[in-house]
Amino acid sequence: MESEMICNVNGLLIYKDFVINWDQVQAFQARPDDLVIATYPKSGTTWISEIIDVIYKDGNLEKCNEDFIFNRVPFLECKKDEVLDGVKQLNHMASPRLVKTHLPVEYLPVSFWEKNCKMIYLCRNAKDVAVSYYYFHLMAAGHPNPGTFPEFVEKFMDGDVPYGSWYKHVKSWWEKRDNPNVLFLLYEDLQKDLRKEVIKLYTFLGKEPTEELVHKILNRTSFQEMKKNPTTNYTALPEELFNHKVSPFMRKGCVGDWKNHFTVALNERFDLRYDQEMKGLTLRCPTEI
């Protein structure tokens, strides 16, 4: 899908704007107490980022409300005019830093591994990701025209979208799941039992949850709350970047919306391709809960 907006850097398809920062991203100097939040796009990144930021701020919601999520958890490889510059934001940030990225394992700056940073990977089932990514292509600047939904799904299956193949991306992180510094989570598990997953996060981060803190997080990070919260819903970005009139950045936040978009034939094609690509993997991504 190389186009005026997307290009190939060392085998990875990314946004042309991001290429300007590519060398600085690769040379990025991690600090030992950095926490990496990694996802394939449209997999619940803002949700998990907000949950972790509340944990890090010990439930101080006033503090969370002081700034937008894209400033509290900078997007490492992002470079968009002067509005967003992940490397610059992170370099000016006090520790401990929360770092958002969509990079597959092999493209993550090596210093994160050298410094033994903790990393959280959130995985979402591929069908719902494809639907959400399609709407994101429609509303966010910097994307080529996705065409019809079935056309977009073909590109998605071929990895002909920003950040490439969903299958490869997920596999690259799944292979790291036994590393004690990596926590591999499923979006569907967060939807099914958020309390359980929040407690899992606390444990992984070596922090003690109180009932009051967990309750605060569950309230603060419900889809309804985040959709109306200007610090998390991305309405703060200019319309020429994110056009919420076309589709809101926070659209549905559910499991199984793919059923409203996939025809029977398209679903069969998708399942066949999925089985080929994910063969032999014990990973199970539920497409409904």
Side-chain angles (χ1 to χ4, degrees), residues 6-41 43-57 67-123 159 162-166 168-185 200-207:
I6 310 291
C7 65
N8 187 319
V9 181
N10 301 340
L12 182 69
L13 282 181
I14 59 161
Y15 300 105
K16 204 150 246 178
D17 289 339
F18 291 12
V19 178
I20 305 160
N21 262 13
W22 188 253
D23 291 344
Q24 289 100 301
V25 168
Q26 291 304 300
F28 185 78
Q29 287 308 300
R31 301 173 193 161
D33 57 358
D34 285 344
L35 176 70
V36 176
I37 299 167
T39 60
Y40 187 85
S43 301
T45 323
T46 308
W47 190 18
I48 191 83
S49 298
E50 183 70 5
I51 292 167
I52 292 164
D53 191 50
V54 179
I55 292 174
Y56 266 58
K57 290 190 167 73
D67 211 340
F68 302 113
I69 190 71
F70 46 81
N71 292 329
R72 290 181 275 136
V73 186
F75 181 5
L76 173 66
E77 64 272 19
C78 180
K79 175 79 175 105
K80 191 74 189 156
D81 311 321
E82 288 311 302
V83 189
L84 298 165
D85 184 334
V87 171
K88 194 171 161 186
Q89 287 170 281
L90 287 160
N91 284 339
H92 288 121
M93 235 177 161
S95 292
R97 303 179 296 188
L98 301 179
V99 183
K100 163 188 163 176
T101 185
H102 291 316
L103 294 172
V105 162
E106 60 274 27
Y107 292 95
L108 192 73
V110 71
S111 66
F112 286 114
W113 301 106
E114 290 168 350
K115 297 273 165 62
N116 292 317
C117 298
K118 287 195 168 180
M119 306 179 191
I120 291 162
Y121 186 78
L122 183 62
C123 172
Y163 291 98
S165 161
W166 177 92
K168 280 185 188 162
H169 201 287
V170 168
K171 283 191 282 195
S172 79
W173 282 97
W174 178 245
E175 282 162 11
K176 295 283 183 189
R177 71 193 182 280
D178 294 331
N179 181 321
N181 287 325
V182 176
L183 179 64
F184 192 103
L185 296 176
K200 198 186 281 182
L201 281 166
Y202 267 103
T203 306
F204 176 69
L205 297 169
K207 294 176 185 284

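Atoms CH2 and CD1, from Trp47 and Ile69 in turn, are 14.0 Å apart once rounded to the nearest 0.5 Å. Between the OH atom in Tyr121 and the CG atom in Leu185 there is a gap of 11.5 Å [rounded to 0.5 Å]. Interatomic distance, Arg177 CZ to Asn179 CG, rounded to the nearest 0.5 Å: 11.5 Å. Between atom CG of residue Leu12 and atom CD of residue Glu77 there is a gap of 8.5 Å, rounded to the nearest 0.5 Å. Of the inter-residue distances, the one linking Leu76 atom CG with Ile37 atom CD1 reads 12.0 Å to the nearest 0.5 angstrom. For the atom pair Lys80 NZ and Phe18 CZ, the distance stands at 8.0 Å (nearest 0.5 Å).
Looking only at distances, a side-chain donor or acceptor of Tyr40 sits under 3.5 Å from a matching main-chain atom of Gly164. Remark: the backbone N or O of Pro41 is not paired with any side-chain donor or acceptor of Thr39 at under 3.5 angstrom. A donor-acceptor pair is defined here as one N or O able to donate and one able to accept, closer than 3.5 Å; such a pair exists between the side chain of Ser49 and the backbone of Thr45. In this structure a side-chain-to-backbone donor-acceptor pair under 3.5 Å is missing from Lys115 to Arg31. Of the possible polar contacts, none joining the Asn21 side chain to the Gln24 backbone as a donor-acceptor pair under 3.5 Å is found.
Partner Phe28 forms a ring pair (Phe, Tyr, Trp, His ring centres under 6.0 Å) with one of Phe112, Trp113, Tyr107 and no other, that one being Phe112.
Judged as a salt bridge (charged side-chain N to carboxylate O under 4.0 Å, His left out), the pairs with a partner in residues 93-113 (not counting sequence neighbours) are, in order, Asp34-Arg97.
The aromatic rings of Phe68 and Phe70 sit parallel to each other, their planes meeting at less than 30°, with 60° as the upper class boundary.
Side chains of Asn71 and Gln89: a donor-acceptor N/O pair is present below 3.5 angstrom, by distance only.
Heavy atoms only, all atoms of each residue included: Trp22 and Ile14 are closest at CE3-CD1, 3.7 Å. Between Lys16 and Cys7, the shortest heavy-atom contact is CE-CB, 3.8 Å. Listed here is the closest heavy atom pair of Leu98 and Leu90: O-CD2, 3.9 Å.
A search for side-chain contact (heavy atoms from CB on, under 4.5 Å) contacts involving Glu114 returns Val110, Ser111, not counting sequence neighbours. Residues satisfying the side-chain hydrogen bond (donor to acceptor under 3.5 Å, both in side chains) test with Lys118, not counting sequence neighbours, are none. Partners of Asp53 by side-chain hydrogen bond (donor to acceptor under 3.5 Å, both in side chains), not counting sequence neighbours, listed by chain and number: Lys57, Arg72. Applying the side-chain hydrogen bond (donor to acceptor under 3.5 Å, both in side chains) test to Tyr202 and every residue at least two apart in sequence or in another chain returns nothing. Looking at residues two or more places apart in sequence or on another chain, you find a ring-ring contact (aromatic ring centres under 6.0 Å, His included) between Tyr163 and His102.
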Practice item. Under the salt bridge (Lys or Arg N to Asp or Glu O under 4.0 Å) rule, what do Asp85 and Lys79 come out as? Steps first, then yes or no, please. Key: CA-CA 5 Å; Asp85 184 334; Lys79 175 79 175 105; 3.7 Å; yes
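Lys200 NZ: more than 12 foreign heavy atoms inside a 6.0 Å radius.
Taking the ring centroids of Phe184 and Trp174, they lie under the 6.0 Å cut-off.
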